[in-house]
Amino acid sequence: MKKLMCLLLSAVIIFTCFAGCKAKRVNAVIKNLEGNALEFDDSNGVSVHDPSLFKANDGKYYVTGSHIAMAKSDDLISWNTVSSGVYDSNRILTADGKTLRESYAKAFAWCDAAQTQWKRSDEEWETNVWASDIIYNEAMGKYCYYASSSVWGTTASVIWFATADSPEGTFEFKDCLVYSGFNMLRKLGQIKYPTHYSFTNIGDLIEKGVFTEEEVEKQRWFDTEGSYDCSFGAAPNCIDPAPFYDKDGNLWLSYGSFSGGIYVIPLVEETGMPDYETMRNSDDYDIYFGKQISRTNEETENTGEGPFITYDRESGYYYFFLTYGGLGALDGYNIREYRSKNPDGPYVDAAGNDAAEMKSTGTNIIGNYQFSFNEKAYLSGGHSSCMIDDDGKIYHAYHTRYNDGEGGFHNIQIHQMLRNSDGWLTMLPLSYNGETAKAVTLNDIAGSYELILFKNETQKTDDWSKVNDIINTPVKAEISSDGKLSIDEKSCEFKLDDNSYTFTAVIDGTSFKGVFCEGTTDTGEKKMTMSALAGNNQCIWAVDKVNTE
């Protein structure tokens, strides 16, 4: 997330994306960092890094993300840019006559203090609105904009929120929820470091009697030297906030990253702030950070960020999505899935691993890939979100990059997800284009397919000349009209469920449970697709053979 640095804020990212999310032609007017209007024709989709998908009360769909970026759509297919770029005249967060620093002074003060201590430049501050997420708060009657601010290369971060009557703002700053990267260090006697915990809202909470100073200094937040401890399984980096409602209408916040793992906090709906009383009186909860639901370690290369949780009433599960790998084009972002019957876990993957185990976990639902009909390979798809619409359709939004030799371009992808026979959500391989799943027959699905079996591990390289080594490519598959499946001419067990679009296939001894659904390729061809997940956390995608001549 915040490793994106200033590259994404330069004029280079003014949506010169070239391979897209099946968005139709979009004529956009945006502004660069100086606020100058720039007009261009973007024929392939909009660019929102770390996209969070939500539906407004008026029925419009939005994605919001880092760098105050936002786009909207009426149908999840054609998208228009609302805003992009951290500049003072961006009406999403700043009203007339006020600068961003003035409007969000309380949040940025922490970053300024840490920036001074860590000797970071002013340019690195400019990317200081990260991974925003918007939710409509029923009790407040407001749209709540949750975001994080951080100092590059440190865990000095803060999650804050603002409210507005419209999803497009202007949002008004409310408060900071949770800080990280603080310490209890002093020098020259009682002089506190600028990143001492008393300069966060912990100081305010002590004054209000929520915590005591003695209690705070006994927490596991600090190492033996008094510095912040974000090592494996320890305290979090407070970034990437994602609020969600549980089945009973209670409001929660998931957040965190590879530093210390992912946490959830119960919120007080009426205020949008943490519920400290509930955390204090709940087992396995930190009094300030909430409950840790995932951990990362050396086996996962410290990765795991961009958490998102959504509740599905039909299955009765909370689905938790997490991105492994790095966000650069060659760094192997890939999305993992877990589920639980409770909003605070435990969350397990299809193999039965607890996300909080100190090992690599998660059912892989997408990695780097390229079908023969794709002009470019899709690289590092990640930092995703999931939305269940009023009609029950499930959509997944993420950003992707491409093997263009540079990898700086990215845009959003919207894919529909379907439940397999075990209730796991599996992502369809083609971007959403209005399709609806329906029961299929053997005649409907018979044909030649390109099939991709995604690897479980994060696939990455530091050399563009080796990019092909990290791309999952297809093999040939055939489904006969009498229901026989072969992959590279090798017979596999296959069964299509009666009066359904779900199926089971056994490939090299591994059982996959999946779905069929007709989709539309980038060239407009209607093709049958299939997607499936296995108990070993692998996934497969397949698309009926496309005419590429």
Would you call the rings of [X] and [Y] parallel, tilted or perpendicular if under 30° counts as parallel and over 60° as perpendicular?
X	Y	result
W130	H67	perpendicular
Y398	H415	tilted
F171	Y145	tilted
Y369	F371	perpendicular

For [X] and [Y], test the side chains for any donor-to-acceptor distance below 3.5 angstrom and give the result as yes or no.
X	Y	value
S531	T426	yes
H410	S47	yes
E337	T363	no
E450	S372	yes
D240	S257	no
S148	S150	no
Y378	N403	no
H396	S384	yes
N411	Y402	yes
T361	D349	no
T520	K526	yes
Y333	E305	yes

- request: Quick one: do L533 and I365 satisfy side chain to side chain contact (heavy atoms under 4.5 Å, CB included)? Show the steps, please.
  value: CA-CA 8 Å; L533 304 177; I365 61 172; 4.2 Å; yes
field: D463 atom CG, neighbour heavy-atom count above 12 within 6.0 Å
entry: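 Above 12, so yes.
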message: Around atom NZ of K460, are there more than 12 heavy atoms from other residues, nucleotides or ligands closer than 6.0 Å?
response: no
Check for a donor-acceptor pair, side chain of [X] on one end and backbone N or O of [Y] on the other, with a separation under 3.5 Å.
X	Y	result
T400	L379	yes
Q292	G260	yes
D422	W424	no
T154	A156	yes
N536	Q538	yes
N90	G85	yes
S52	S385	no

- prompt: ring pair (Phe, Tyr, Trp, His ring centres under 6.0 Å) between Y347 and Y338: does it pass, once the steps are laid out?
  reply: CA-CA 6 Å; Y347 283 92; Y338 309 82; 7.5 Å; no
task: Report the C-alpha separation of C238 and F289 in whole Å, then their side-chain angles, then the decisive distance to 0.1 Å, and conclude whether the side chain to side chain contact (heavy atoms under 4.5 Å, CB included) test is met.
output: CA-CA 9 Å; C238 294; F289 291 121; 3.9 Å; yes
- prompt: Stepwise, does the ring pair (Phe, Tyr, Trp, His ring centres under 6.0 Å) test hold for W252 with Y245?
  reply: CA-CA 6 Å; W252 296 76; Y245 277 100; over 10 Å; no
Do the side chains of [Y] and [X] get nearer than 4.5 Å, heavy atoms only?
X	Y	value
T310	Y318	no
Y104	L93	yes
P474	L451	no
S149	W160	yes

Under-4.0 Å salt bridge between K60 and D74: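 D74 and K60: salt-bridged.
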query: Can we say E357 and K359 salt-bridge, meaning some charged N sits less than 4.0 Å from an Asp/Glu carboxylate O?
result: yes
Out of curiosity, [X] [atom1] to [Y] [atom2], how far, rounded to the nearest 0.5 Å?
X	Y	atom1	atom2	value
Y62	K72	OH	NZ	4.5 Å
I540	N472	CD1	CG	12.5 Å
N334	N456	CG	CG	9.0 Å

message: Pair W541, L453 - check side chain to side chain contact (heavy atoms under 4.5 Å, CB included), show working.
response: CA-CA 7 Å; W541 283 4; L453 175 63; over 6 Å; no
task: Applying ring pair (Phe, Tyr, Trp, His ring centres under 6.0 Å) between Y146 and each of F244, F54, F161, report the one that passes.
output: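 Among the candidates, only F161 passes.
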Audit row: I77, Y432, side chain to side chain contact (heavy atoms under 4.5 Å, CB included) steps and yes/no: CA-CA 7 Å; I77 302 169; Y432 178 68; 4.1 Å; yes
- request: Provide the closest heavy-atom pair for P307 versus A242 in the form atom of the first, atom of the second, distance.
  value: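 That closest heavy-atom pairing would be O-CB, 3.4 Å.
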task: Would you verify whether the NZ or CZ of R339 falls within 45 degrees of the ring axis of Y319 while also being under 6.0 Å from that six-membered ring's centre?
output: no
message: For Y136 and Y143: C-alpha separation, side-chain torsions, deciding distance, then whether ring pair (Phe, Tyr, Trp, His ring centres under 6.0 Å) applies.
response: CA-CA 4 Å; Y136 184 76; Y143 290 94; 4.9 Å; yes
- request: Given salt bridge (charged side-chain N to carboxylate O under 4.0 Å, His left out), test D389 with K55 step by step and report yes or no.
  value: CA-CA 8 Å; D389 211 343; K55 188 175 185 179; 2.8 Å; yes
